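Since the structure comes first, as structure tokens, the remarks are kept for the end.
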Amino acid sequence: MASPAVATRHPSPSFFGPDPRRRRGHSPSNLGFRRSGLQLKVTAIFGWIKGDTRTRELNPSAESYTLTGSASEADTKPREVSVAVVSSIMDIPSADWDACAVDSVDPDNFNPFLTHAFLSSLEESGSAVKETGWLPLHVVARDENETVVGVVPLYLKSHSRGEFVFDQSWAEAYYSYGLEYYPKLQSCVPFTPVTGQRILVRDTPYRDQVFEALVKELKSLTTKLKVSSLHITFPSEGEFSKLKDSEFLQRIGMQYHWRNRDYRSFDEFLMDLKQPKRKNIRQERKKIPAQNLKMKRLRGDEIKSEHWDTFYKFYRNTTDNHWGRPYLTREFFHRLGEKMGDKVMLIVAEHDDKHVAGALNLIGGDTLFGRLWGCLPDAYFPNLHFEACYYQAIEAAIELNLSKVEAGAQGEHKIQRGYLPVTTYSCHYFLDPGFGAAIGNYLAHETAQVKHVIKVLHDSGPYKEDILNEFLLTQGDGVRSCHRRKERARKKLSECHIDISAKIPTKKDIRYCLIMLFVQGYKDWFFLPPLINQRPRRTKLQCRKLSQTRKSFASCSLPLHLDCTGCFIRQAHHRLRKQPFDHLCSSSPRHRMAYTSRMNLKRKGK
């Protein structure tokens with residue numbers, strides 16, 4: 001392995017990441033080196049673009065950029081900013097780094113993962129270092145007075161592990177064409193799928209110019225090192241928008257967050273849920289004391305060294321026996337507790353005065369970040385995972401008056417426990433224009449699918465309808481666009497008060513009314529006479545074409561009409577029953593029409 005300052009091309013097929021040769025019909029034993037009897041420990045292998053065997057300096061010389069300043073500084077002389085690369089975050093004073101990490105738009109929005117303490121703990125503990133495939137190449141910008149005005153956490157990577165934005169298929173495509181995808185440049189917080197600023201700029205009148213200079217340096221560094229690509233994962237939404245103008249491809253993802261509506265207690269939060277979901281959560285929580293389990297939330301000095309040793313056992317049980325890899329070392333947890341203090345919350349479960357499980361959380365300015373979970377190998381307690389990771393986090397956020405809980409990546413099971421899908425972002429820059437165009441086309445299709453999934457999952461959330469509508473204001477574009485379509489449909493229906501029980505509707509009537517009820521998929525003209533299903537509380541509805549108009553309307557024993565509020569009204573014995581328009585626009589076909597079964601009406605004596 002070359003020294004930290006230089007690296008030489010190693011043309012080895014044993015790169016880290018998904019092996020493009022691993023196809024159906026090829027066993028692992030036929031794919032280069034693999035474990036066979038002996039335990040083989042490998043660190044990291046760095047390669048370069050095919051055909052280039054020169055030795056490269058991984059610490060390029062500093063570059064200078066001239067800043068013109070903001071409009072308020074029109075009369076001042078231009079400023080000079082020098083941008084350099086350092087091989088360790090320890091080369092940057094912690095006070096300067098943290099000053100840049102403060103969000104100038106919202107200073108109270110403290111992100112613990114962007115602090116010098118957290119990132120230095122990763123390096124000092126041997127978790128994010130060259131030997132594990134994370135070679136630090138942090139970018140730092142200084143002005144004429146040698147004041148640090150901007151920093152970027154940056155790593156040269158030999159694999160795609162620990163990123164939570166999956167690009168292994170891109171690496172496979174590169175290698176199938178004889179090109180090398182690794183190493184690549186990655187701007188992120190290692191092993192942490194948390195949204196936040198990635199280009200950290202000190203709050204100055206010329207901060208926008210510093211931002212642009214740092215982006216130029218990142219692209220220039222990609223060219224100098226001749227790596228395949230540069231990736232900025234989980235940036236803020238503002239950075240995501242700015243980087244679009246700098247030739248970065250844009251990608252979105254999805255996570256599940258819980259939002260605090262100024263709840264005073266956990267029970268108050270439950271009252272915002274639908275009754276079946278509320279009942280299910282209460283039943284799950286009752287099982288914890290029934291199993292003789294006690295939950296404790298520890299912070300700061302309450303977390304002792306033995307707690308970290310025990311939690312590391314939990315962590316290794318999860319990575320070794322269930323999923324993932326042990327990215328973090330035992331030393332990392334001890335350093336984290338020493339440096340972060342009260343910003344760390346450890347939730348532990350006790351059984352017979354013995355710790356059997358735990359969940360690690362970090363406390364931000366307005367957010368509780370759930371990170372890691374684990375338990376003893378022989379521990380089996382139903383619903384303990386939900387209690388330690390989700391319900392205890394919600395209770396803690398309510399007590400600390402935090403606005404949200406971020407429970408980490410993936411996990412659709414979080415939805416029914418109050419965590420709704422939100423959009424995450426990443427930006428990607430490729431030196432090869434051909435691959436950049438192909439991946440850009442792929443991302444366009446992927447973005448549409450992700451937006452659709454977010455919308456569907458949001459509509460299936462556990463909250464009452466009015467609460468879901470309130471959350472729409474803070475969700476991603478996919479959910480908001482669906483909401484806008486529904487509002488436009490409501491507005492159009494409110495303009496057309498047409499009684500379809502009194503006459504045969506014309507095509508014009510249907511064009512302006514009934515078709516608006518099928519904005520989620522139907523493309524033909526339909527009306528929906530209800531047909532009774534014998535199952536209790538359910539009614540199947542059959543869609544019939546417009547050609548059967550008079551006969552079908554005559555067969556409706558319960559006539560239907562539209563009122564000016566956009567609701568279908570069923571009239572039975574002079575009593576009106578309404579179904580909200582939102583149910584008609586849901587993704588499930590059986591909800592596309594108001595339903596009330598004839599058997600239910602008879603049972604209720606109506």
Side-chain angles (χ1 to χ4, degrees), residues 60 62-86 89 91-120 136-155 185-189 194-222 230-248 250 364-367 424-427 429:
E63 291 193 8
S64 297
Y65 295 87
T66 301
L67 309 183
T68 58
S70 63
S72 61
E73 289 192 324
D75 297 332
T76 62
K77 64 178 182 179
R79 295 178 179 271
E80 292 289 333
V81 171
S82 63
V83 183
V85 175
V86 297
I89 195 174
D91 296 335
I92 305 174
S94 61
D96 290 337
W97 182 284
D98 292 339
C100 296
V102 174
D103 190 345
S104 60
V105 178
D106 185 9
D108 294 332
N109 188 17
F110 170 74
N111 190 325
F113 300 100
L114 296 174
T115 61
H116 191 277
F118 185 86
L119 294 172
S120 63
L137 292 177
H138 304 305
V139 179
V140 54
R142 293 182 173 89
D143 63 9
E144 306 98 322
N145 302 321
E146 291 299 313
T147 301
V148 176
V149 293
V151 293
V152 180
L154 185 67
Y155 300 87
L185 287 175
Q186 187 86 19
S187 176
C188 66
V189 178
V194 171
T195 296
Q197 291 178 297
R198 293 297 175 260
I199 301 175
L200 313 178
V201 181
R202 190 188 291 264
D203 189 14
T204 61
Y206 48 91
R207 64 184 313 274
D208 291 337
Q209 288 74 23
V210 175
F211 181 93
E212 294 175 0
L214 289 171
V215 173
K216 291 179 181 178
E217 177 62 21
L218 289 174
K219 295 172 65 177
S220 174
L221 190 60
T222 305
L230 164 66
H231 308 266
I232 302 176
T233 48
F234 296 99
S236 64
E237 187 174 3
E239 290 176 323
F240 181 74
S241 300
K242 292 180 180 179
L243 291 172
K244 183 178 182 180
D245 300 329
S246 300
E247 301 177 343
F248 280 81
Q250 295 189 302
D366 66 344
T367 305
T424 59
Y425 310 98
S426 62
C427 301
Y429 175 74

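Because the structure is predicted, anything quoted here is derived from the model rather than measured.
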Using 0.5 Å steps for rounding, measure from the [atom1] atom of [X] to the [atom2] atom of [Y].
{"X": "Asp245", "Y": "Glu212", "atom1": "CG", "atom2": "CD", "result": "9.5 Å"}
{"X": "Tyr425", "Y": "Arg198", "atom1": "OH", "atom2": "CZ", "result": "13.5 Å"}
{"X": "Ile199", "Y": "Leu214", "atom1": "CD1", "atom2": "CG", "result": "6.5 Å"}
{"X": "Leu114", "Y": "Leu200", "atom1": "CG", "atom2": "CG", "result": "5.5 Å"}
{"X": "Ser426", "Y": "Phe240", "atom1": "OG", "atom2": "CZ", "result": "7.0 Å"}
{"X": "Leu137", "Y": "Leu154", "atom1": "CG", "atom2": "CG", "result": "6.0 Å"}

Looking at [X] and [Y], would you say the former's side chain and the latter's main chain have a donor-acceptor pair under 3.5 Å?
{"X": "Thr195", "Y": "Thr424", "answer": "no"}
{"X": "Asp143", "Y": "Asn145", "answer": "yes"}
{"X": "His116", "Y": "Ile92", "answer": "yes"}
{"X": "Glu144", "Y": "Glu80", "answer": "yes"}
{"X": "Ser120", "Y": "Ala117", "answer": "yes"}
{"X": "Gln186", "Y": "Leu230", "answer": "no"}

Nearest heavy-atom neighbours spanning [X] and [Y]:
{"X": "Val139", "Y": "Glu217", "value": "CG1-CG, 4.0 Å"}
{"X": "Asp91", "Y": "Pro93", "value": "O-CD, 4.0 Å"}
{"X": "Leu243", "Y": "Val215", "value": "CD2-CG2, 3.8 Å"}
{"X": "Cys427", "Y": "Phe248", "value": "CB-CD2, 3.8 Å"}
{"X": "Glu239", "Y": "Gly196", "value": "OE1-O, 3.7 Å"}
{"X": "Asn111", "Y": "Thr115", "value": "O-CG2, 3.7 Å"}

Side-chain contact, heavy-atom cut-off 4.5 Å: [X] with [Y]?
{"X": "Val85", "Y": "Leu221", "value": "yes"}
{"X": "Arg202", "Y": "Thr147", "value": "yes"}
{"X": "Leu218", "Y": "Val152", "value": "yes"}
{"X": "Val189", "Y": "Phe118", "value": "yes"}

Next item on the list: Take the angle between the ring planes of His138 and Trp97 and call it parallel below 30°, perpendicular above 60°, tilted in between.
Entry: perpendicular

Check: Can Asp103 and Phe110 be said to form a side-chain contact (heavy atoms from CB on, under 4.5 Å), step by step?
Finding: CA-CA 7 Å; Asp103 190 345; Phe110 170 74; over 6 Å; no

Next item on the list: Kindly indicate, with the supporting measurements, whether the criterion side-chain contact (heavy atoms from CB on, under 4.5 Å) is fulfilled by Ile232 and Cys188.
Entry: CA-CA 6 Å; Ile232 302 176; Cys188 66; over 6 Å; no

Margin query: Check this for me: does any side-chain nitrogen of one of Glu247 and Lys219 sit under 4.0 Å from a carboxylate oxygen of the other?
Written below: yes

